[in-house]
Amino acid sequence: MSCVSIVTLGCKANQFESAAMERMLREQGYQIVPFEQGAELVIVNTCTVTSATDAQSRKLVRRARRLNGQCRIVVTGCYAQIQPQQIAELPGVMYVIGNSEKQDLIDILCQEGPQVQVGDIASQQQCPDLKIASFSEHSRAFVQIQSGCNAFCSYCIIPYARGRSRSVNTSAVVDQVNQLVAAGYREVVLTGIHIGNYGQDLTPQCTLTDLLNALLTQTDGCRIRLGSIEPQEVNEALIDCVQHSSRICPHFHIPLQSGCDDVLQQMNRHYSIRQFHDTVELLCQKIPRVSIGIDVISGFPGETEAQHRQTCEFISSLPVHYLHVFPFSARPGTPAATMPDQIPGDIAKQRAAELRVLAEEKASQYREQFIGRLVDVVLESRTKNNQWQGTSAEYLTVLVAGEQGAAGELVSVEIVGASQNFLVGTLS
């Protein structure tokens, strides 16, 4: 029996697709082993959102060769889609396959085809046919509802790596969720690249809210979490759906990117900071204890110190739970890569550090309001101190004392304390 390891960088969509490839490999008799074991076959599922993730991908290929000099390496994912020839030159790479070709992994392994098999993803009309039966080492499962993006933000390479927005049929999503519930999962995360655009390419057209309503009526036994969604797509119908369902997690991850309208315009983001503020305000009015996370880019070309300060002040005014902060990374082929007034990397990193200090303050303020309250937690794993670690509906990490419980179980926890990074509770 051949042994294989899959190592994944990047977003939840990539993690779902790695789980789908793992399922294919298991069905063909492959044994899945940890990367450090030095497998005979290594699948590297890459990300290209920044130059740092490109470098990580190359490092993983070289490391796989050090662990097993005879291993066969298949590189896929967004970096493979954008720079296939660059990856093909790395020693030990047997195949470079694109994002759409992930569904053909077994055929590619069984045939002696060309080293680079990366198709024109912009021409793809349908979402890849990928399914999972389990999610290794996870108690929460990801379900892909959509792939691709039509937004073309000026800094982002992902539309070129993922193609246009394509949705999975609602019935197929419902079937996938029911299979995962039957396998014991008590939380599913709806993932994609641009999930707020869900259903616009289907016939008849539908919306993300329509999908949620279908899941609420045709599935049971799990809570549902939304992946990242654009601010202009957080509409009243979606908010009302979340507000009136105990099964949908009160958690929204909404990319902000900048707290300055001039910078947002240069980014090709289609909203103002006033509109963003109003969306957050409406969420807080409609959904008590709602958890709101945001993405922010520091050091975008032309961003002045005053504009950076404006972003910090704007975020300070928002009742957000957490921030994901990214120093700007110029991606060749995007408009922002050739914009004038590129910000030196050290300044972008300094601004990012300031935003991360603000992020810690926001996270601490949000966690403290849960002390003395009950939260629903999916138990995930045991810590070194023999506590359960899990995730609340509000996307908070919770440590739970006691021997009771099992991985994957959904439990009610009374919060008795808060630290810098997590809540502490006991089973209620």
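As the structure is a prediction and not an experimental result, all values here were calculated from the model.
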Handout entry: Residue pair E380 / T391, side-chain donor-acceptor N/O under 3.5 Å
Key = yes
Problem - Check: N197/S165 side-chain N/O donor and acceptor closer than 3.5 Å - result: yes
Problem - Short side-chain to backbone donor-acceptor contact, N235 and L238, under 3.5 Å - result: yes
Handout entry: Least distance between heavy atoms, A88 atom then V116 atom
Key = CB-CG2, 3.8 Å
Practice task
Might you point out which heavy atoms bring L180 and A133 nearest each other, and give the distance in Å?
Solution key: CD2-O, 4.0 Å
Exercise for the section: Tell me, please, which residues at least two apart from R351 pass salt bridge (charged side-chain N to carboxylate O under 4.0 Å, His left out). Expected result: E303, E305
Exercise for the section: Could you tell me whether Q86 atom CD has more than 12 heavy atoms of other residues or ligands within 6.0 Å of it? Expected result: yes
Handout entry: side-chain contact (heavy atoms from CB on, under 4.5 Å) partner of R166, the single match among Q124, Q126, H194
Key = Q124
Handout entry: Stepwise salt bridge (Lys or Arg N to Asp or Glu O under 4.0 Å) test for E403 and R382
Key = CA-CA 10 Å; E403 297 294 328; R382 283 284 191 180; 3.7 Å; yes
Problem - Polar side chain donor-acceptor pair, S51 to D54, under 3.5 angstrom - result: no
Exercise for the section: Check step by step if side chain to side chain donor-acceptor pair (under 3.5 Å) holds for E17 and Q144. Expected result: CA-CA 8 Å; E17 289 163 356; Q144 187 178 70; 2.8 Å; yes
Practice task
Inspect the surroundings of CD in Q115 and state if more than 12 heavy atoms from other residues, nucleotides or ligands are less than 6.0 Å away.
Solution key: yes
Practice task
Say whether N45 and S18, considering side chains only, have a donor N or O and an acceptor N or O under 3.5 Å apart.
Solution key: yes
Handout entry: Derivation of the side chain to side chain donor-acceptor pair (under 3.5 Å) call for T48 and R331
Key = CA-CA 8 Å; T48 193; R331 311 312 292 136; 3.1 Å; yes
Handout entry: H253-Y395 aromatic ring centre distance below 6.0 Å
Key = no
Exercise for the section: Mind listing the closest non-hydrogen atom pair of F314 and I273 along with its distance? Expected result: CZ-O, 3.3 Å
Practice task
For the pair Q81 (side chain) and G119 (backbone), establish whether a donor and an acceptor sit closer than 3.5 Å, ignoring hydrogens and angles.
Solution key: yes
Exercise for the section: Check whether more than 12 heavy atoms from other residues, nucleotides or ligands sit under 6.0 Å from atom CD of E27, and answer yes or no. Expected result: yes
Exercise for the section: Please work out whether the ring planes of F326 and H324 are parallel, tilted or perpendicular, with thresholds of 30° and 60°. Expected result: perpendicular
Exercise for the section: Could you verify whether a donor N or O on one side chain and an acceptor N or O on the other, from T209 and Y198, lie under 3.5 Å apart? Expected result: no
Problem - Exercise: do S246 and R223 side chains pair donor with acceptor under 3.5 Å - result: no
Exercise for the section: Can you establish whether the number of heavy atoms outside K349 located under 6.0 Å from its atom NZ is more than 12? Expected result: no
Exercise for the section: Check L358 against S316 and note the closest heavy-atom contact, atom names and distance. Expected result: CD1-OG, 3.5 Å
Practice task
Could you pull out the closest heavy-atom pair between V168 and L202, with the gap in Å?
Solution key: O-CD1, 4.0 Å
Practice task
Taking atom types as modelled, find out whether Q257 and Y155 have a side-chain donor-acceptor pair closer than 3.5 angstrom.
Solution key: yes
Handout entry: Enclosure of Q285 CD (heavy-atom neighbours >12, cutoff 6.0 Å)
Key = yes
